[in-house]
J.: 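First the structure, which I've put down as structure tokens, then a few questions once you've had a look.
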Amino acid sequence: MDFAANLFSSGTLSQILVGLSRTTILFIVSSGMSLILGVLRIPNVAHGSLYMIGAFAAWTVIQLLGGGLFAFLAAMIAAPLIVAVVGFVLERGFFSYLYEREHLMLLLLTFSFALILGDLVKIVWGSEYRSVTVPAFFQGSAEIFGLPLPWYNLFLLLVGPCIAIFLWLVINKTTLGKIARAAAVDGEMVGAVGINVGWIFAFTFVLGSFLAGLGGALIAPMVNISLGMDHSLIMETFLIVIIGGLGNIWGALLGSLIFGLTQSLGILVWPQFGIAFPYLAAVAVLVVRPRGLLSSTW
């Protein structure tokens, strides 16, 4: 009886809302990973490093502009763009010459870039922890179902669906998105009709990098920004992409929901092993549906 009461208590509902907030970050980062893995077939281990750079870049922009709402909003735009530039340099400088190589080689290359980018972050920003203060505009709480929810968490809950709709429109309703889907299936045929497949791949990689940077910028006010913050996230992102369905944006959203909510509820049910619950959920999903919850769109 006590367990049931705790499970359906107001604390549980509050924890679910917080879990949904984290789901937004997981979805934004994993959707970028899903795009890159689905179109370019690159298992980009360095995706977490791009997320970390986004967080540090957001801190830098906020410091340069003196803090406040304007500085925060500027950081939400500038940091992902900085990461997108880094992604463009990596794609045009290295990956564009290696798409025909074996996946193992690409995996090792992205792992080496993860190490290099980690060292560059240490050189540029140092090894100290950084923190971003939530702007006064987002301080305080709103009442959701009679429960207090910080305004910034509510902001994240609104951002997630907006990003999902934006990505769906880009992939399904724009010419670039349709060409990217076709190139993922048969790049040679797309190239045969006169389309520069290399630049389509570059667009996809840059968009995925932008989303990684946006996730890092959005998480900045919620965590300590530090070296190594990419390690746990990259494992979670890979699992989310796999259980959701390769290249499926809605699958990435569904996988993120499973990951975020099971971790939040796991902390309530068994705090010492709360972190293990999302991985157990992922194992259960893959046992039932090895190809992911939703079908691959590529």
Side-chain angles (χ1 to χ4, degrees), residues 17-33 35 47-89 117 121 124-126 128-144 148-171 174 203 205-226 229-230 233 237 249 252-253 256 260:
L17 292 174
V18 172
L20 287 173
S21 303
R22 186 170 185 271
T23 292
T24 296
I25 305 298
L26 291 173
F27 165 66
I28 291 173
V29 179
S30 62
S31 61
M33 168 72 79
L35 284 172
H47 199 71
S49 300
L50 297 174
Y51 157 85
M52 180 172 62
I53 292 173
F56 276 100
W59 175 84
T60 299
V61 173
I62 291 172
Q63 294 300 310
L64 289 174
L65 296 179
L69 181 61
F70 173 77
F72 172 79
L73 295 177
M76 295 304 105
I77 298 172
L81 289 176
I82 291 170
V83 177
V85 170
V86 174
F88 179 78
V89 171
L117 292 175
V121 167
V124 174
W125 285 284
E128 297 83 9
Y129 287 88
R130 312 286 182 177
S131 61
V132 171
T133 303
V134 178
F137 181 82
F138 290 113
Q139 292 179 3
S141 301
E143 280 200 7
I144 306 294
L149 180 70
W151 280 112
Y152 188 72
N153 292 71
L154 181 60
F155 167 70
L156 291 179
L157 290 179
L158 297 175
V159 168
C162 292
I163 295 296
I165 294 171
F166 167 75
L167 290 176
W168 182 82
L169 290 173
V170 169
I171 293 171
T174 67
F203 162 77
F205 195 91
V206 168
L207 179 57
S209 301
F210 179 90
L211 291 169
L214 179 60
L218 288 171
I219 200 66
M222 303 179 68
V223 299
N224 286 324
I225 305 169
S226 64
M229 63 183 296
D230 56 323
L233 180 107
T237 302
I249 297 301
L253 179 58
S256 300

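Note that the numbering runs from 1 along the sequence shown for the chain.
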J.: Less than 3.5 Å apart, which donor and acceptor atoms pair up between the side chains of residues 153-169 and the rest of the protein, not counting sequence neighbours?
T.:
residue: N153; atom: ND2; partner: S21; partner atom: OG; Å: 3.2

J.: Any pair with a residue in residues 20-32 that passes salt bridge (charged side-chain N to carboxylate O under 4.0 Å, His left out), sequence neighbours left out, goes on the list, sorted by first then second residue, please.
T.: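 Applying salt bridge (charged side-chain N to carboxylate O under 4.0 Å, His left out) to every pair that reaches into residues 20-32, excluding sequence neighbours, yields R22-E236.
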J.: On a heavy-atom basis, which atom in P221 and which in V134 lie closest, and how many Å separate them?
T.: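 That would be CB-CG2, 3.7 Å.
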J.: Working to the nearest 0.5 angstrom, can you tell me the gap between S49 OG and M229 CE?
T.: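 One gets 11.0 Å once the value is rounded to the nearest 0.5 Å.
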J.: What donor-acceptor contacts under 3.5 angstrom involve side-chain atoms of residues 60-87, with partners at least two apart or in another chain?
T.:
residue: T60; atom: OG1; partner: F56; partner atom: O; Å: 3.1
residue: T60; atom: OG1; partner: W125; partner atom: NE1; Å: 2.6

J.: Side chain to side chain contact (heavy atoms under 4.5 Å, CB included) with V124: which residues, sequence neighbours excluded?
T.: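 Expected list: none.
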J.: Looking only at non-hydrogen atoms, find the nearest pair between Y152 and A217 and report the distance.
T.: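 Closest heavy-atom pair between Y152 and A217: OH-O, 4.5 Å.
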J.: Looking at CG of L26 and CG of L253, how far apart are the two atoms once the value is rounded to the nearest 0.5 Å?
T.: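 L26 CG to L253 CG: 11.0 Å, rounded to 0.5 Å.
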J.: If you take all heavy atoms of S209 and L50, which pair is closest and at what distance?
T.: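 Answer, listing the atom of S209 first, then L50: OG-CD1, 3.5 Å.
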J.: Measuring from F210:CZ to L35:CG, what's the distance to the nearest 0.5 Å?
T.: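 Here the rounded value is 12.5 Å.
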J.: Can you find a heavy atom in the side chain of I219 that is under 4.5 Å from one in the side chain of L233?
T.: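 They are not in side-chain contact.
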J.: I'd like to check the salt bridge (charged side-chain N to carboxylate O under 4.0 Å, His left out) partners of E128; sequence neighbours left out, ordered by chain and number.
T.: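 Partners of E128 by the salt bridge (charged side-chain N to carboxylate O under 4.0 Å, His left out) criterion, ordered by chain and then number, come out as R130.
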J.: Let me confirm one number: the CG-OH distance from N224 to Y129, rounded to the nearest 0.5 Å.
T.: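 With rounding to 0.5 Å, CG (N224) is 7.0 Å from OH (Y129).
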J.: Could you walk me through whether D230 and L117 pass the side chain to side chain contact (heavy atoms under 4.5 Å, CB included) check?
T.: CA-CA 11 Å; D230 56 323; L117 292 175; over 6 Å; no
J.: Tell me, please, which residues at least two apart from S30 pass side chain to side chain contact (heavy atoms under 4.5 Å, CB included).
T.: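 Partners of S30 under the side chain to side chain contact (heavy atoms under 4.5 Å, CB included) test: T237, I240, V241, A252, S256.
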J.: List the atom of G208, the atom of H47, and the distance in Å for their closest heavy-atom pair.
T.: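 Scanning both residues completely, I find the closest heavy atoms to be O-CE1, 3.3 Å.
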